[in-house]
Every structure is written in structure tokens, then in C-alpha cells.
Amino acid sequence: MRRTLLTIVAILVVIAGAVALWFLSAPGPLSFAGGNKVALASYKDGKPTGVPAELQQASIEKRGEYLAQAADCMVCHTAPGGKEYTGGFAFKLPFGTLYSTNITPDKETGIGNYSDAEFLAAMHRGVRRDGARLYPAMPYNSYTYVTDEDALAIKAYLFSLPPVKAPARTNTLAFPFNQRWGMAFWSAFFNEDVRFQPVADKSADWNRGAYLAEALAHCGDCHTPRNLAFALDNRKKFAGTVSAGWYAYNITTDKGAGIGAWTDEALLSYLSTGHAPGHGTASGPMGEAVDHSFSKLAASDVRALVAYLRSVPAKPSSDLPSTLAGVAATSHRQGPDNGRGKQIFAGACASCHDWSGVSAITPTATLTGARAVNDPGGTNVVQVILTGMQRPNGLVSMPSFGSIYSDADVAALANYVTARFGSKGSTLTAKDVAKLRQQTAQ
Amino acid sequence: MATLKINGETKNFEATPDTPLLWVLRDVIGMTGTKFGCGIAQCGACTVHVDGKPVRSCLLPVSAVGDRSVTTIEGIGATPAGAAVQKAWLELEVIQCGYCQSGQIMSAAALLATTPNPDDSDINAAMAGNICRCGTYVRIRDAIKRAAGNAA
Amino acid sequence: MQLDDLTISRRNLLQGAAASGVLLAFHMPVRAATGPFAPNAFIRIAADNTTTLVMPQVEMGQGTYTSISMILAEELDADFAKVALEHAPPDDKLYANPPFGLQATGNSNSIRAFWTPLRTAGAAARAMLLQAAASQWKVDPATCSAANSMVTHAASGRTIAFGALINDAARLTPPEKPALKDPKNFTLIGKPLKRLDTPEKTNGKAVYGIDVLLPGMKFAAVAQCPVFGGKVAKVDDTATKKIAGVYKIVQLDDAVAVVADTTWTAKKGLAALDITWNEGANAKISSAEIWADLRAASQKDGLVAKHEGDAAKALAQGERIEAAYELPFLAHAPMEPLNCVLQLTKDKCEIWIGTQVMTRVQGTVAQLLNFPLDKVVVHNHLLGGGFGRRLEPDMALLSVRIAQKLDGELEGSPLKVIWSREEDIQHDVYRPVYRDTIAATLRDGKIDAWNYRVTGSSVLARWLPPVFEALKGVDFDAVDSAADMPYDIPNKHVEFTRAEPPAVPTGFWRGVGPNNNVFATECFIDELAKKAGKDPVAFRVSMLDKEPRLKAAVQMAAEKSGWGQALPARVGRGICAQVSFASFIATVVEAEVDEHGEVRLRRITSAVDTGIAVNPDTVIAQLQGGLIFGLTAALWGEITIERGRVQQSNFHDYRMLRIDEVPRIDVHVIKSGEAPGGIGETGANAGPPALRNAIYAATGVALRRLPIDRAALAGKRSA
């Protein structure tokens with residue numbers, strides 16, 4: 001017992017020391033841009049916060065709805081198959097599972113009793129109404145940049161929803177991570193607790209894009225690697241990382257690994273429809289972000305996001321090939337043959353994806369050019385096989401194959417798909433698939 | 001009013017652009033040889049040819065067909081490969097309930113049109129997407145080989 | 001809708017069919033007798049010498065239309081190349097399946113049940129035609145003969161076509177007991193003749209129930225409460241109403257349907273609905289609970305189905321060997337999803353459907369509508385697979401309930417209701433879960449005592465209550481192939497413990513009762529053989545002296561499969577011997593198990609003695625297909641329940657064998673002069689135990705549950 005305590009204390013001291021050191025020199029999400037940060041009111045070229053022009057006259061609830069969509073609140077605050085905003089979505093972390101909570105205005109189980117100040121404390125500082133600390137799965141280190149006006153519009157929108165009784169599920173975090181008070185230190189180090197400040201010498205589009213990406217959409221929460229203390233490492237801003245079992249790819253301006261070689265049209269199309277010809281289709285968490293957030297944004301806002309993304313410094317990804325494979329052979333005879341993987345592809349996949357990778361049914365099923373198949377790690381290919389791809393509005397969806405194929409089968413299939421349609425095949429084993437499966441199980 | 005080129009004839013029809021070709025064929029034009037089985041391209045019952053290539057019509061939006069020519073089970077007998085497949089199917093008495101067989105024949109005809117002498121791996125690659133609940137697979141394999149011989 | 005095209009295509013259909021020699025008269029309302037000579041319900045001969053045969057049983061792939069026609073034409077001496085076929089109308093008086101007392105196709109008994117009635121019908125008609133010719137020629141009918149729809153008087157060299165005799169023949173009284181042919185004189189029966197229904201199935205002209213098109217037809221898509229027994233609480237149809245082509249949203253107490261201009265529009269409209277369900281009490285039911293209940297029930301004594309010798313005493317005297325075998329819920333998933341076409345007016349309901357139970361569809365619909373029976377007209381069609389699913393009228397009843405809600409301009413419109421594949425799988429009547437427990441003792445290397453208990457649902461109790469009651473609850477289906485298991489064992493005791501799963505509806509599934517009993521018996525026989533230190537084939541043969549037909553089948557299957565020859569590591573052969581549906585069948589499966597527990601089929605060999613094989617090619621096809629049907633289930637088939645709903649939905653999560661997973665299947669038909677046995681179900685019985693025993697041989701793992709547990713085979717979990 002004493003030894004355990006000592007070990008924990010020692011670990012905590014070491015972590016605290018490292019973190020402190022790191023923090024002292026750690027850049028913020030907008031540090032890369034440099035320039036002269038000014039107060040919102042002092043920015044000359046319009047207002048980068050709030051809602052787009054067409055919604056300026058709308059009710060606070062309407063404006064809040066738009067901002068809540070831009071902040072993608074719903075996806076994390078809804079369990080699969082559950083009622084919107086009632087929580088229960090599972091975050092699988094290395095040290096246990098965390099569940100999102102009910103943010104409908106139910107007084108007992110939701111946020112119905114939150115005052116404006118209490119709501120802002122949660123959004124900006126990760127402090128719950130009862131004073132307890134929120135885990136940073138709630139991205140308050142991003143939402144901290146949201147203006148009070150916008151945060152309260154979101155609150156007004158949430159309070160306009162029907163209250164639903166949905167008690168929180170119990171988290172299963174291991175010690176010491178189940179100690180919420182520890183998050184106070186985390187916040188002290190990693191949450192700036194400041195509102196968005198535009199950069200005076202950047203364009204209105206850029207500043208609007210920065211506000212959308214950093215304050216609301218919290219792109220970095222998935223796309224920026226984390227440090228030892230689970231905080232975003234903005235030295236590698238947007239350089240891509242695996243989180244919750246999915247690889248959020250490099251979205252820096254790197255021409256090989258990132259989106260530097262994408263045209264503006266391709267980026268606009270990808271963000272607003274989830275698909276860009278020659279670049280594949282958004283799936284997993286990015287698919288959800290498109291369906292519930294980016295696709296609902298005003299065209300001007302999507303353009304602003306693209307303008308902002310264009311400014312993020314290129315960072316390479318050593319694990320990703322810089323050239324994407326072209327169209328595969330139309331005959332099954334050409335190309336790789338790993339037995340089982342090819343067999344499954346023939347039965348369950350070729351009907352849609354074709355042996356060439358260019359779908360005869362819908363461009364969204366075309367594999368050629370997609371980053372996922374050009375990732376020798378095969379992570380997202382595995383996840384798409386396991387969970388499928390559900391698209392809204394009657395668009396062609398992909399069924400999930402996780403229940404009928406074993407881990408060994410999925411590994412073989414992913415290895416075949418990456419070898420046939422990507423520039424370098426993955427070498428996944430059944431064990432790798434088992435781990436990935438565990439991370440996305442709800 | 002839109003048009004489709006089906007089995008060499010031009011057909012006029014009215015349907016929303018997102019309507020899958022399958023339902024235009026079956027419900028609008030009244031050609032019911034092409035079957036609905038799963039709606040998710042997992043069973044192959046709805047297979048037709050678009051410019052000679054086998055496509056699952058249950059997911060293919062009719063607007064994506066454009067002016068390409070569609071061949072269905074009703075017209076496949078006019079192609080040499082299709083006729084050879086139909087003949088072999090009857091010679092070896094492949095069919096049981098027959099519901100999946102429109103799709104099986106369309107997949108087999110497409111295979112033979114590009115691969116006149118398929119081996120087992122070619123048959124697997126071309127036919128694994130077509131499910132048959134009656135279990136006629138053994139005879140389908142034999143009949144494709146017979147058809148290859150008939151056509152040669 | 002382009003009706004002109006439709007009419008033309010229908011005309012083409014008839015011309016095309018006529019040219020190929022067979023006319024399947026699908027659409028014409030059938031009257032009892034349209035031809036001038038109709039000596040009975042099955043045969044009509046027209047003046048142009050065409051013979052029309054009326055099919056009392058339905059065609060769902062099992063080849064029964066051809067076999068029935070062969071039997072009729074054989075005794076009638078009709079020209080087989082020129083027969084036309086017609087679906088029978090619903091009529092239990094004329095077309096009932098004798099053992100069921102209703103017009104049903106199932107239980108692999110079409111040929112068994114109709115063998116004598118059809119032969120008699122053919123022979124009676126032939127006798128009348130011979131008599132008519134003999135009277136015309138003023139000769140003794142015994143000196144006349146018939147062949148190819150012609151009567152010949154050999155002595156004078158005179159011939160006359162059947163068609164020219166119909167008026168005279170019609171005036172004669174049909175003989176009650178006409179002489180039947182000596183089987184050695186059969187010219188059709190026993191030959192692998194071409195099927196009559198297949199030409200139209202190669203060119204898209206065959207019309208299944210789902211293919212029926214009527215002028216002005218509307219199309220419906222339907223969603224039933226995902227929880228068994230749940231109800232509709234609330235429907236928000238705002239988005240659906242905005243879709244062009246949606247005519248009506250129909251709300252029933254347990255389902256919602258969208259009626260539209262095409263099936264696609266209806267599907268889109270259904271997807272756009274926001275339906276809130278009142279899930280009800282069943283929302284708590286799960287597979288885990290169902291299995292726990294079944295295991296508990298299997299501890300209870302059952303009703304005795306067989307008692308020979310003294311099994312209890314013999315069990316007490318030897319080393320008691322025990323095992324329990326469990327089989328999961330299964331869906332039927334015929335390739336043609338459930339559907340029904342109907343037109344409901346104020347006083348008449350006309351239905352176009354492919355069903356295994358014509359009169360039941362008619363009767364239950366009439367009851368629902370409170371119509372007299374003759375106001376419900378049912379037209380039968382080809383079935384895109386039945387497998388037992390179409391032994392239920394539920395798709396017709398739901399469709400009628402939807403049609404009842406059509407009002408205004410829609411009232412009386414023809415309506416086609418198609419279930420999505422998801423609805424088809426999630427609202428099936430499932431093959432029940434079974435748990436079969438067996439205890440046995442060995443003596444001198446043979447089985448001395450055999451105590452067998454089937455625990456599970458009684459489908460018969462729901463489906464045919466009078467028979468269930470007459471049997472006093474000893475459901476013959478549930479204990480089929482258990483009460484009459486073939487091995488010579490001095491002390492036998494067989495029981496049935498009825499245990500109905502909560503909420504989940506159960507029904508007949510290809511292979512029916514023998515599925516679980518042949519599986520449990522044959523798996524356990526292999527375990528006992530191992531215990532006795534005997535080869536599985538030799539062990540079986542040693543107990544089959546009283547079943548020579550099965551013994552011969554076992555020996556032939558062993559020989560043809562290369563039984564005993566060396567195999568590579570992790571490859572095994574397994575055998576299944578069965579007497580079911582009056583057929584005697586032995587099957588050997590050769591399979592390989594890899595290090596992940598994945599199973600690959602390598603070769604399948606069956607030997608079958610089914611008595612007189614009316615069409616031996618059909619017998620082979622049915623076994624090949626039945627084996628694949630059963631093996632699919634053994635490898636992957638399981639419907640699971642969570643929160644009161646079925647978790648599987650389509651072929652991506654309810655897996656089917658595909659062509660590249662199916663090996664060579666050799667079926668050897670043993671020549672026999674015995675009366676024909678049933679065959680359609682049997683392959684489904686044979687595949688699973690033979691595969692399981694192959695795995696047992698390959699790995700030593702004695703699986704006792706289906707589907708196959710890969711983790712157990714990979715050594716990750718005990719079996």
C-alpha cells in the first residue's frame with residue numbers, strides 16, 4: 001500500500017515536472033500565425049465571431065443553433081441510437097471509459113438549472129455547476145475562445161429543446177484519473193481561459209476561419225497530436241494522430257501527407273459534402289463532423305475555414321506515403337493476392353468498390369485517392385470495415401461488417417485493400433484489429 | 001421525362017434523379033426480370049450491365065446512367081455470352097427457385113464477355129457477389145465452364 | 001407507369017412460353033374446369049390435344065412442378081413435351097395436402113403425399129380415353145394402348161389423338177381404382193428430365209409474386225415496431241409529406257407504411273418519418289435471458305415420445321455419458337423478400353402472392369375483412385424461395401391492413417407492399433432455439449441406453465393446433481428423427497419438453513424438426529464412437545443391421561468420400577447418417593480449420609436412398625442446395641435478441657455462403673423401388689452435424705452449439 005502510494009506520488013511529481021516544463025514553452029493553437037492580436041472590438045475588418053451575415057437578424061435560438069452545429073455539440077452529446085443531446089456517448093480512453101452527459105434543459109438530469117454564468121464556466125473553464133471539474137473530453141480548452149455572446153446563444157438554443165430525462169452513465173476511469181480535482185491542475189496548465197482575439201494584419205476570412213476552427217469546430221482536438229499530459233501539442237499542430245481508434249489525418253499544408261496538394265474546390269467539397277472527387281469520402285468521426293456540422297455551415301464560413309487551413313504550416317508525417325496510388329487494375333488477376341483478404345473483397349466489397357477502386361455505383365464509394373487506403377497503418381480502413389459508413393438523407397451508405405468477420409478476416413481484408421488501392425499495404429494482425437475494435441465499441 | 005437506352009431500345013420514363021435504376025426498371029418501365037434482394041449491393045440479384053459492365057442497380061441512381069446503354073436479363077440473350085450462359089444454365093439445370101438467377105446470369109455473362117475461358121479464380125472473383133439461398137453454386141460454376149465451351 | 005409496354009410484355013411472355021412448350025398460366029383466374037375434358041382436379045385435355053396439369057403444390061425451387069407433372073403424365077401417357085401447367089386456385093376440397101388437411105406445401109411431402117393420388121388421377125383419365133377410343137373403334141379397350149397423347153390399336157394400326165376423344169371421354173364415369181403402371185414400365189418417372197419452370201427463369205419472364213404489376217398500382221414500404229409486440233406511439237411525418245410522389249402515410253397500431261408512386265419513393269418516405277415506438281414489455285428481452293430460460297426448462301421432464309426397453313435402469317448400470325446441444329434462432333431470408341400485391345374494394349379482395357399456404361392466406365384475409373371466402377380471390381405465383389417462411393400468411397394480413405386505410409382517390413387502388421430486407425429479417429418467424437440433452441451408456445462397444453430430451457418451441461402447436469391436440473402435446477415435428485432414430489439400441493427413451501421463448505415468434509425452417517434432432521444425435525454418436533474407441537463409420541454401421549437402406553447409404557458415402565484415407569493436419573472428415581422424411585441419407589463433409597478457428601469446406605459427398613427418385617436430377621439438386629442451406633447456418637447463422645429486437649438486419653450481418661466458399665458436392669442416388677421419400681428438407685439436416693463431426697475429427701474439439709464457435713477452435717475458449 002505504501003509502496004503504491006509512493007509510486008503514484010513519484011509518477012505525479014515526474015508528470016507535473018515534465019508538464020510544467022512543457023507548458024512553459026508550449027505554443028497555443030494560434031501561435032503559428034504570429035501577428036498582432038487585438039481585441040475583437042479593435043479589429044477593423046468586420047466581426048470574425050458570431051453568425052454569418054444571413055443569420056444576423058435571426059433569433060438568439062436560431063443563432064445558437066447555428067453555433068452549436070459549428071461547435072458540433074450534438075455528436076458527442078448523443079449516444080448511438082439515442083435521443084439528440086441526451087448524452088451517453090462513450091469515450092474510450094486508455095485508462096477507462098468516459099460518458100458524455102445530458103445537455104437538454106431537463107432540470108434533474110440535464111442543464112436546466114444552469115445560470116448564464118454557470119454555463120460560461122463550463123464552456124470556458126470546464127467547471128461544472130456543482131463546482132466539479134470536467135474532463136477535457138469536453139473541449140473547453142477550445143470553447144474557451146468562444147465569445148460570451150456566442151456561448152449564451154448556444155445556451156439559449158439548448159434551452160429551447162425539449163427537456164429529456166436521461167441520467168448520466170457512470171464513468172469507469174481508473175485511479176488516479178477518476179479524481180476530478182486533478183483536472184484543476186490540467187486546466188491551469190493547458191486552458192488559456194481567454195476569448196478569441198483576431199490577428200490585426202490577417203484578412204477577415206482568415207480570422208473568421210480561425211474562430212470557426214479553433215473556438216468552435218475544435219479541429220485540433222482530433223487532428224493535433226497530444227503530449228504526455230493529454231494536452232494538444234501545437235508544435236505539431238494539425239499534423240495528424242490516432243485518437244479513439246481513428247486516424248485523424250494530417251491537415252497541414254504539407255503537399256504529401258497533408259492537404260497542401262488539394263484544390264480549394266476539393267476542400268470546399270469535402271467539408272460541405274463529405275466527399276471530394278479523387279480524395280475519397282469522410283467516414284468515422286470526420287463523417288459525423290461533416291454530416292452534423294460542416295455541411296450545415298454557410299458557404300462563406302466553409303470558405304473561411306479553407307482560407308485558414310491554407311495558412312497552417314506544413315508538417316510531414318513520416319508514417320504516410322507522400323504519393324497516392326492511382327487506379328488499380330480492372331482485373332482481379334493483377335495486383336496483390338493474400339488469399340482470405342481477396343476472397344472477402346470479392347464477395348462483400350467488389351460489387352460497390354470495383355476491382356479498380358473506382359465505383360461504378362457512386363463516386364463516394366471510390367477508393368482511389370482516399371487517404372485511408374493510402375495509410376500503411378490501415379487504421380481507418382479497419383474501422384470502416386467494422387462500423388460501415390452511415391450517410392444521411394438517403395445517400396449511399398456502407399453497411400458494417402464487424403459482426404460477421406473475425407479479427408483475422410478484417411486484418412486480411414484491410415491488408416488486401418491497402419495493398420490493392422494504396423501505395424503501401426498494411427500488415428495488420430488479428431490482435432491489431434481486436435484493439436481497434438475495442439476502441440470504437442460503444 | 002427522361003430516357004434510358006435499355007436492351008437497344010429507348011425508353012421514356014418519369015422518376016426523380018435519385019431513384020435507383022432497379023426501381024425505374026421494375027416500377028416505372030415495368031421490366032421485372034431484374035430483382036430486388038437486399039438494397040445494399042450485398043446479394044447481386046439486381047445486377048444489370050451498363051455499357052457491358054455488371055452493376056448493382058439497387059444503388060445506382062438512374063441519373064448516373066446518362067446515355068450509357070443498359071442491358072437487363074430480358075435482353076442479355078441477344079449477346080453471344082448471354083445466350084451461351086442461358087443455354088448452359090438449362091443444360092445443367094442450374095436453377096431452383098430462380099429469384100437470384102437473373103443476377104447470376106448477368107454476372108456470368110459479363111465474366112464470359114471479358115474472359116472467354118475463365119478458371120475457378122475468375123469465377124470466384126466475378127460471382128462471389130451473387131448470393132443464392134437455394135445453393136445452386138456448384139452448378140453455376142459448372143455451367144459457366146460449359147458456357148465457355150459452348151461459346152468457343 | 002407505361003401500361004402499353006406492360007401489356008406487350010405480358011403477351012410476349014405468353015408467346016415465349018408457348019414456344020418453349022410450357023405454359024405457366026400465372027395470371028388467368030382459374031376455374032375448376034375450363035377444358036372440355038376434366039376427369040379430375042389435376043388434368044384437363046383440350047380439343048387441340050394440349051394437356052393442362054393443375055399444380056396442387058407450389059413451386060419454390062424444389063422442382064415439384066416438374067415432378068408432379070411427370071407423375072401425372074406418366075400414368076396418363078401424355079406427351080410430356082406439350083404439357084401446360086397451371087397454379088391451382090385455393091381449394092382445400094380439391095387440393096389439400098392429405099396429411100395436413102389443407103393446401104400447404106412443406107415438410108418435404110409433396111411427392112410422398114401426392115404419389116398415389118396423382119398416379120390414380122392420371123391412370124383414371126387414361127382409362128377413360130382408352131375406353132372412348134375402344135368404343136369408337138368397337139374393340140376391346142385392353143387391346144388399345146396409349147403413348148404421347150395418342151391412343152393406338154396395334155392390331156388395326158389405328159391411332160387417335162387424346163384431343164379427338166375428349167367429348168366421348170367426358171361422358172364416361174371415372175374408374176375408382178384404375179390399374180396403375182408397373183414401375184418397370186415407367187417412361188418418365190426415374191429420368192432426369194428437364195424442369196418445366198426453368199426456361200422462363202433464365203430470361204426474366206418468370207413472374208414471382210413481387211413482379212405482379214397492375215394498372216394504376218401504388219407501392220408501399222412498411223416499418224413494423226422493431227421490438228416484438230411494440231406499438232406505434234407517435235409519427236412525425238413532416239419531412240415525408242414534402243416528398244413528391246408520396247400519396248399517404250398509413251399508421252397502424254404496430255406498423256407504419258408509406259404509399260407512393262414507386263417502391264423507391266415509398267422507401268424514402270419511410271426513412272424520412274420520425275417514428276416513436278411504444279416498445280412495451282418485451283423491450284427488456286435478450287438472448288441471454290432466453291437461453292437461461294431454455295436451459296432451466298431443459299431440466300424438466302417432458303412428454304414421452306418413445307419408450308423401448310428400460311433406459312433408466314440401463315443408464316444406472318453403466319458409465320453415464322452426457323451432453324447437451326444447443327441450436328440458435330434462425331431467419332429464413334429467402335431471396336425474394338416478403339411481399340404481397342392486392343386490390344381491396346368494398347366487397348372484394350384480390351391477392352397476388354407466392355405462398356406455401358394458399359387457403360390459409362384466403363381464409364385469414366377473409367376473417368380479417370369479415371368477407372365470405374369467395375370474395376377473397378388468391379392468385380398464386382412462383383416463390384422466390386420459401387424455406388418455411390411462406391407457410392405464414394402474415395405478409396398478406398399486414399398488406400390488407402394497409403390497404404384498408406387507403407381512402408379517397410386511393411381507395412380500391414392495386415397496391416404492392418414489399419418488405420425491405422431489414423424488415424424481412426427482423427420480422428421473421430424464427431427457427432426456434434432448441435436444447436437437446438442426451439445421456440447414454442456403452443456396452444460391448446455399442447450403445448446400450450439412450451435417454452434423449454428435446455427442449456424447445458412447438459411450432460405445430462401454433463401452426464396446426466388440431467393435430468397438436470390430437471397428439472396430446474407430443475409434437476411429432478419436434479421429435480422427428482429423434483423418436484424414430486435409426487440405431488439399434490435396446491433401451492431408448494425420448495421426451496419433448498415444450499418451452500416457448502418469450503416474445504419471439506417461431507416457425508418452420510427448412511429441415512424442420514429433424515434439424516435439431518439429427519444434429520444432436522449425430523454429434524453425440526461421434527462422441528460415443530470416440531469413447532468406444534471406434535471409427536465413426538464402423539460404429540454406425542455396427543448398429544444399423546435393422547436399417548439396411550441407411551446402412552447401404554453410409555457405406556456408399558464412406559466409399560465415395562475416401563473415408564479412412566490420410567488427410568493433412570487440421571483437416572477432418574465427418575459423417576452424418578439420417579432417416580428423415582422417409583429418405584435414407586449419409587453425408588460426409590471434409591473441412592479444414594485454421595489457426596484462427598476459421599473453417600473451410602473442402603469436399604462434400606452424400607449417398608441417398610429416397611425410394612423411387614421421380615426426377616433424380618432434382619433429388620441431386622435438392623441435396624446440394626439443402627446442404628448449402630444447412631452449412632450456411634452451421635457456419636454463421638444466428639439471430640440474436642437485444643432489448644427485445646433482432647440485432648441482424650441484412651446480408652452484411654446475417655451471413656450467407658458464397659460461391660467461392662462452396663466446394664465440390666457429389667450426390668450419389670441409390671436405385672430403389674420403394675415408394676418415394678421426401679428430399680427438400682434433408683440436406684439442411686445433413687450439413688451441420690457432418691461439418692461439426694469433421695471439425696471434431698480435425699481438432700478434437702467437441703462443439704455442442706451452433707453456429708460454430710471460432711474462438712473455441714482457435715483454442716481461445718473452451719467448447
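Just so it is clear: chains get the letters A, B, ... in the order the sequence lines come, proteins before strands, and each one is counted from 1.
- Contacts of B:Leu90 with chain C are made by both backbone and side-chain atoms, with heavy-atom separations under 4.5 Å.
- Of the atoms belonging to C:Thr265, not a single heavy atom falls under 4.5 Å from chain B.
- Proximity to chain B (any heavy atom under 4.5 Å) is shown, for C:Ala333, by both the backbone and the side chain.
- Between chain C and the residues B:Pro20, B:Gly75, B:Cys97, the largest count of heavy-atom pairs under 4.5 Å involves B:Cys97.
- B:Thr72 and B:Glu74 share a donor-acceptor pair across their side chains, judged by distance under 3.5 Å alone.
- Counting heavy-atom pairs closer than 4.5 Å to chain B, the top-ranked of the candidates C:Ile425, C:Asp424, C:Asp617, C:Ile628 is C:Asp617.
- Ion pairing between C:Arg195 and C:Asp197 holds under the 4.0 Å rule for side-chain N and carboxylate O.
- Only the side chain of B:Thr16 comes within contact range of chain C, with heavy atoms under 4.5 Å apart.
- Residues C:Phe219 and C:Trp264 keep their aromatic ring centres 6.0 Å or farther apart.
- Ranked by heavy-atom pairs under 4.5 Å with chain B, the list C:Glu422, C:Arg658, C:Lys201 is led by C:Arg658.
- Figure legend: C:Arg510 and C:Phe387 shown without cation-pi pairing, the cationic atom not lying both under 6.0 angstrom from the six-membered ring centre and within 45 degrees of its axis.
- Contact annotation for C:Ile210: both backbone and side-chain heavy atoms come within less than 4.5 Å of a heavy atom of chain B.
- Within the 4.5 angstrom heavy-atom criterion, only backbone atoms of C:Pro663 (N, CA, C, O) approach chain B.
- In this structure, the portions of C:Met335 lying under 4.5 Å from any heavy atom of chain B include both its backbone and its side chain.
- Between B:Asn130 and B:Ser107, the side chains place a donor N or O and an acceptor N or O closer than 3.5 Å (distance only, hydrogens not considered).
- Using modelled atom types, one finds no donor on one side chain facing an acceptor on the other under 3.5 Å when comparing C:Asp666 with C:Thr605.
- For B:Glu91, the part sitting under 4.5 Å from any heavy atom of chain C is the backbone (N, CA, C, O) and nothing else.
- Contacts between C:Leu193 and chain B at a heavy-atom distance below 4.5 Å involve the backbone alone (N, CA, C, O).
- Side-chain contact of C:Glu200 with C:Asn203: a donor-acceptor pair under 3.5 Å is absent, judged by distance alone.
- With a 4.5 angstrom heavy-atom cutoff, B:Asp18 touches chain C via backbone and side-chain atoms both.
- Residue with the most contacts toward chain B among C:Lys416, C:Gln62, C:Glu661, C:Met60: C:Met60 (heavy-atom pairs, distance under 4.5 Å).
- Evaluated for a side chain to side chain donor-acceptor pair (under 3.5 Å) with B:Glu93, the options C:Thr198, C:Asn615, C:Thr66 yield exactly one hit, C:Thr198.
- If you measure heavy-atom distances from C:Ile665 to chain B, the contacts under 4.5 Å come from both the backbone and the side chain.
- For chain C, the option among B:Arg141, B:Gln104, B:Glu14 with the highest count of heavy-atom pairs below 4.5 Å is B:Arg141.
- Both the backbone and the side chain of C:Ile659 have a heavy atom closer than 4.5 Å to some heavy atom of chain B.
- Closest approach of C:Thr587 to C:Ser606, counting heavy atoms only: OG1-OG, 2.8 Å.
- Under a cutoff of 6.0 Å and an axis angle of 45°, C:Lys218 and C:Tyr247 form a cation-pi pair.
- Using cut-offs of 30° and 60° for the angle between ring planes, the C:Tyr208 and B:Tyr99 rings count as perpendicular.
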